[in-house]
Each structure stands twice: as structure tokens, then as C-alpha cells.
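Quick note: numbers below take in every heavy atom, side chains included, and nothing from hydrogens, waters or symmetry partners. Every chain is numbered from 1 and lettered A, B, ... according to where its sequence line falls, protein lines coming before strand lines.
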Amino acid sequence: MSDRERSRPQGRDNEQEEAVEEVEAAESSATEGIDDLLDEIDSVLEENAEEFVRNYVQKGGE
Amino acid sequence: MAVHKVIGTETEYGVLIRNQPDFNPALASALIINSYPGDRVRVQWSYEEETPGRDARGFGHDGYGVSDPDSALVNAVLGNGARLYVDHAHPEYSSPECFDPLEAALADKVGERVMEMAMTRAQQTVPAGQIVKLYKNNSDGKGNSYGAHENYLLARETSFGRIIRYATTFMVTRQIFTGAGKVGSENGRPGVPYQITQRADFFEEEVGLETTLKRPIINTRDEPHGDPGRYRRLHVIIGDANLSEYQLFLKLGVTALFLAALEDGALPDPIDLADPVESCWTVSHDTRLRAPLSLDEAGTATAVDIQMRYLEWLAKYVERELDDPVWDRVIAEWAATLTDLESDPMLCADRLDWVAKKRLLEAYVDRDGLDWSDAKIRALDLQYHDIDSRVGLYHKLAGRGAIRRLFTDEDIEQGVKTPPSRTRAYFRGRCVTQFPDSLTAANWDSLVFDTGDTHLKRVPMMEPLKGGEDLVGPLLDQVEDAAALIQALGG
């Protein structure tokens, strides 16, 4: 049993608090993940977005 | 009794050669096809056997499917049984006939790799400064759409009226897990920042023969590519090209299962939408998946509600009728995905292209304070579909494990070289590899050989499930040349 649990013995509140902490931890690692990802993608992004989008013209197919 | 659901896909790729002053998409497509470095034979595609103008409702018109004397220039059959060719202004990969949805999902990914190999080789032939690009998407964002079609084998006796009655609502609502996502709207539809599919905006009819204008939810092309007395082929045009392996499996698996149950009479009364075409747009534009769709009877249901009902029906059908564990997997993944879509669609960012891309674009909108109509967001949308694995954003996500994979790179390389083993694609692919100089013409249901004799020899393949390794493998291992093969086949 952890110190924290001993000092706050109401199990239910405790579980909720831990659940919140877990969610926050997961969110922060997801955000870190996405920041890394964006950095990686920045390095391969089309340099001139406007020109790229304007010149992407296809004929209809099928 | 349902016929075995043989499955295949046809995907047209967006093509571009940057900095080429006189860029012509048809020529660029031909360059791609002719650059493919793997096993392939350039063949005459025998159009006389094809009847894309025949309508499953019993009428048709002439003028479609004209034979093109130059077709050998832009038509190749590959050692894996696929067809690689130019369709109008796009390079297209038609997968070999596959035995189950897992194999068909792999075959579709193999097509991407084939295109990447062809693109890489084509790049070496253009002047310095020009860049060859291919995109696996279905729209240029300016009102032009190109297709990603699915094909499912059905029994001839399955009435087309029943297919229309049941499959229309299914096709409209499955968009929640078939979409590849798109920034904005097109074709005069109401503006949205982002929508679920690339294609919904282009669908304007419930049923019809067209594929290039006034596109119908149910396409009636009656061209079985097999014994017309026994088979139909349902040509599904309301789908997006997918990069996610998981999503390909889900799309092909659930649809094949739905059609099998329909054929077996295992579905309760159909769920009819009051306005299928309007619902098609509504579903695609509703990224929160909460929009009520008006039903014919009265009342409303969301796309998720309706798919949940299909899931319930089909889970029972699988339990009762099907032994192959691949169908249990389809049910399990479908259930998991629908549950996640219902609670929070963003949970599917690891599986569905439209969600993965939305999450990525939202992160850019947030970080850079961009508007959804910003050119950078539109550029990111396109780049998600870039098939160059060094710069394509799908590849960046999959490479980091942010999108689940079902196959390894080795599976895909293997699929480039070898045909599926349980359909006639096996025979076609082996003949390409073994007798490239004797094969002169091909179609899905025949091969034509020049064995040096006075007549060309045509080998019909009217049964999609005949011609697999079991049946023809030992024979192909024995024969030395095409003449010996024809002789052994009794011709």
C-alpha cells in the first residue's frame, strides 16, 4: 500500500483521482507524440503549399 | 446458397509530373505502366469479351467497351495475376481475384507497392528537375473524381432488385468506416471544413449504369467476368481508396459478408432510407456521427445505429453458416470499430484513414492557428495519400506505429511477385512469369497464347475459383513451354 493511499483511505475517491491522473498522463504522452510527429512531418512537407494545391489538377476517371 | 465471395479491387491513382511544361496525364500514366520493373507482359486486352454497357436490370446499350488496337501499349498483366493499365487519364491497378477479404486487402496494398516501383523507375527517365508523383486518393479537390472500385462475385440467380433494395442503405451507412477523409466539399454540396469520404459529394443517383457522371450508389454494370449463366459481379463504385490495411480488410470483409447473407436470404426486412442520395452526403459530412437519417417507415436512425443492426444480423449469420475464421475476425473488428465510433470517433485514429487524417490536420490547425481552408491544410490532405513511402503522411503515421498494420513489408513484397493461390489468378500469374513471350492477349476470363502454331490458342477461365495452385500447380511445374501447356490442357 502506498503512502498516499494510507493518508487518504477513501478508496473510491482515490481510484477516481488515479484515473484522472492516468488520463492526464496518457493525454500528455499523446500530445508529446503528436508534437514529435508534426516536427517529423514538417521536414517532408511540400514547400509551397499554395502552388502544390493549385497545381494538383486531375481529370475525372472511372 | 451464396456463391463464394471472390473479391477484387480496382484503383485509379492521381498522377502528376511536376515542372513538366507539356504535362499530359494520359502520357504520364502510360509512362508509369511501361516503367514497371517487375514480372509483367504487355498484352492486348481482349475487350470483345467485356460488356460494361450491359445493365443488370436487363437493358443495355452499345458503344461501351470498344476494342482499342493500341491497348497493348498501355496494358500489362503481372506475375501476381493483376492488371496494370491506363484508364482514361489515370494509371490503374486491378488486383487479382482473391479468395477472402484478408487476401484482397493485401492485394490492394500490393498495388500501391507496384505503383511505387513503377513511379521510382519512371522518375529515372524524366529530365532533371521533373518529379513523378502518384496519389492514392479519389479527388483533386476541384470537382474531379476518380475511382476506387470493389468487386464481389454473386450468383446469377440473386435478383438485382434484391441487391438494390438491401445494399443501398448498407452502402450509404458503411461510409463511416470506408471513408478516406477530405478537406472541404465539392460538386455544389454545402461547405464543411472536413468530411468523412472523398467520394460522397459525387453521388447523385440511387441506381444506374454510369461511373463517370451522375454516379449511382448502386452501379448496375452487368459484366460477370465469368460464366454469365452462373455469376454476377457486383461492381461497387461508392467507396474511397484506402491506405489503412485494417480499413481495407474491414471494408471488403463486411461488404462481402453482407452480400453473402443477402444471397442466402439471411437478412430480415431491409432498412429503407427516405432519401438515399441526400443521406449519402449527410453521412459523409457528419464527422461526429450523430446526424439522424430519415427512414422510409417513419422515424430516424444514425449511420452507426443502422450498421449496429447489420452487425447483429451478420454475427448470427456467421455463427450459423460460416466456418472460416476470417469471418469471425471480420465480425470482431467491425464490432470493435462501431463501438468506438459510437463512443468517440477519434478512437479510430489508429485504424481509419478519415480519422487518422483528421487527427493530424487538427493538430496542425491547433499548433499553427490555421483555418481549415488554409492551403497548408489542403496540402497536408493531399500528402496523406502520396504513395512515396519516404514522404507520404500515411506512411509517416504507419511508420511510427500510429496506424495499425495487418501485413508486414515482406508480405507485400511477396504479393508483388506471387499470385493468390486459390483462384484463377494463380494460373494467369504463373503464365506471365513462365511464358511471357507466348502470352499475347488476356482478359479476366481468358488467356491467349501464340505457340508458333498457325492459330492462336485461347484458354478460357470462366470459373473464378478454378485455376488455383491445387488444380494447375503440378501441371505448370511440369510443362516446358506454352505449346506443352496447351497440349496438356487438351487444345
Side-chain angles (χ1 to χ4, degrees), chain A, chain B residues 10 12-16 18 23 25-26 87-90 92 133 135 137-149 183 202 210-213 215 237 349 359-360 362-364 366-368 374-383 386 388 390-393 395-397 399-402:
Chain A
M1 199 188 258
S2 76
D3 288 347
R4 209 157 53 81
E5 276 177 330
R6 223 176 289 137
S7 67
R8 296 194 52 188
Q10 299 99 323
R12 206 181 150 71
D13 280 358
N14 213 19
E15 274 165 28
Q16 277 175 352
E17 188 174 294
E18 281 182 3
V20 168
E21 280 171 8
E22 269 171 33
V23 169
E24 279 169 359
E27 273 173 3
S28 110
S29 95
T31 313
E32 267 171 39
I34 209 135
D35 285 346
D36 280 0
L37 172 67
L38 265 43
D39 289 344
E40 186 188 343
I41 287 176
D42 283 340
S43 68
V44 295
L45 270 194
E46 293 295 339
E47 279 171 19
N48 188 335
E50 211 147 316
E51 192 187 335
F52 169 51
V53 170
R54 191 175 54 241
N55 291 340
Y56 189 82
V57 180
Q58 297 291 314
K59 291 205 169 176
E62 310 179 51
Chain B
E10 314 158 54
E12 297 178 355
Y13 287 71
V15 61
L16 209 61
R18 280 203 198 147
F23 171 71
D87 194 3
H88 303 284
H90 299 273
E92 173 160 342
K133 300 293 289 175
Y135 295 84
N137 61 3
N138 305 102
S139 157
D140 66 357
K142 301 172 182 70
N144 301 307
S145 185
Y146 31 102
H149 301 169
V183 172
F202 298 97
E210 297 291 347
T211 58
T212 57
L213 46 105
R215 292 175 180 86
I237 67 169
R359 177 168 173 264
L360 182 65
E362 275 174 351
Y364 268 95
D366 290 347
R367 190 193 71 175
D368 298 351
D374 195 283
K376 184 169 183 179
I377 294 300
R378 289 184 177 273
L380 284 157
D381 181 359
L382 288 172
Q383 204 175 335
D386 188 329
D388 182 340
R390 297 164 305 177
V391 295
L393 302 188
H395 287 282
K396 290 287 164 204
L397 290 168
R400 296 173 64 99

Report summary line: Max heavy-atom pairs within cutoff under 4.5 Å with chain A, candidates Ser139(B), Gly143(B), Ala26(B), Gly147(B), goes to Gly147(B)
Query - Non-neighbouring partners of Asp366(B) that pass side chain to side chain contact (heavy atoms under 4.5 Å, CB included), sequence neighbours left out - result: none
Report summary line: When the 4.5 angstrom heavy-atom criterion is applied to Arg390(B) and chain A, the contacting part is backbone
Requested in this report: Might you point out which heavy atoms bring Gln383(B) and Val44(A) nearest each other, and give the distance in Å?
Outcome: NE2-O, 3.0 Å
**Report entry** Least distance between heavy atoms, Gln58(A) atom then Asn144(B) atom
**Finding:** O-ND2, 2.9 Å
**Report entry** Partner set under side-chain hydrogen bond (donor to acceptor under 3.5 Å, both in side chains) for Arg378(B), not counting sequence neighbours
**Finding:** none
Query raised in the report: Of all of Val15(B), Asp140(B), Ile237(B), which one pairs up most often with chain A through heavy atoms under 4.5 Å apart?
Result: Asp140(B)
Report summary line: So, the part of Asp388(B) with a heavy atom under 4.5 Å from chain A: the answer is neither
Query raised in the report: Are Leu37(A) and Leu360(B) close enough that some pair of their side-chain heavy atoms sits under 4.5 Å apart?
Result: yes
Requested in this report: Output the distance between atom CG (Leu397(B)) and atom CD1 (Ile34(A)), rounded to the nearest 0.5 Å.
Outcome: 8.0 Å
Query - Top contributor to chain A contacts, counting heavy-atom pairs under 4.5 Å, from Lys396(B), Lys142(B), His88(B) - result: Lys142(B)
Report task. Counting only heavy atoms closer than 4.5 Å, note whether Glu40(A) contacts chain B via side chain, backbone, both or neither. Result -> side chain
**Report entry** Proximity breakdown for Asn48(A) and chain B, heavy-atom pairs closer than 4.5 Å
**Finding:** neither
Query raised in the report: Would Asp381(B) and Tyr56(A) count as a side chain to side chain contact (heavy atoms under 4.5 Å, CB included) if you check the C-alpha gap in whole Å, the side-chain angles of each, and the deciding distance to 0.1 Å?
Result: CA-CA 12 Å; Asp381(B) 181 359; Tyr56(A) 189 82; over 6 Å; no
Report task. Using non-hydrogen atoms and a 4.5 Å limit, figure out which bit of Tyr364(B) sits close to chain A: side chain, backbone, both or neither. Result -> both
**Report entry** Any side-chain heavy-atom pair of Asp368(B) and Leu38(A) under 4.5 Å
**Finding:** no
Requested in this report: Return the minimal non-hydrogen interatomic distance between Asp42(A) and Lys376(B), and the atom names on each side.
Outcome: OD1-NZ, 4.5 Å
Query raised in the report: With no hydrogens and no angle check, is any side-chain donor or acceptor of His90(B) less than 3.5 Å from a backbone partner on Lys59(A)?
Result: yes
Query raised in the report: Can you say whether the rings of Tyr135(B) and Phe52(A) are parallel (under 30°), tilted (30 to 60°) or perpendicular (over 60°)?
Result: tilted
Report summary line: Heaviest contributor of heavy-atom pairs below 4.5 Å to chain A, chosen from Ile377(B), Thr212(B), Leu16(B), Leu382(B), is Leu382(B)
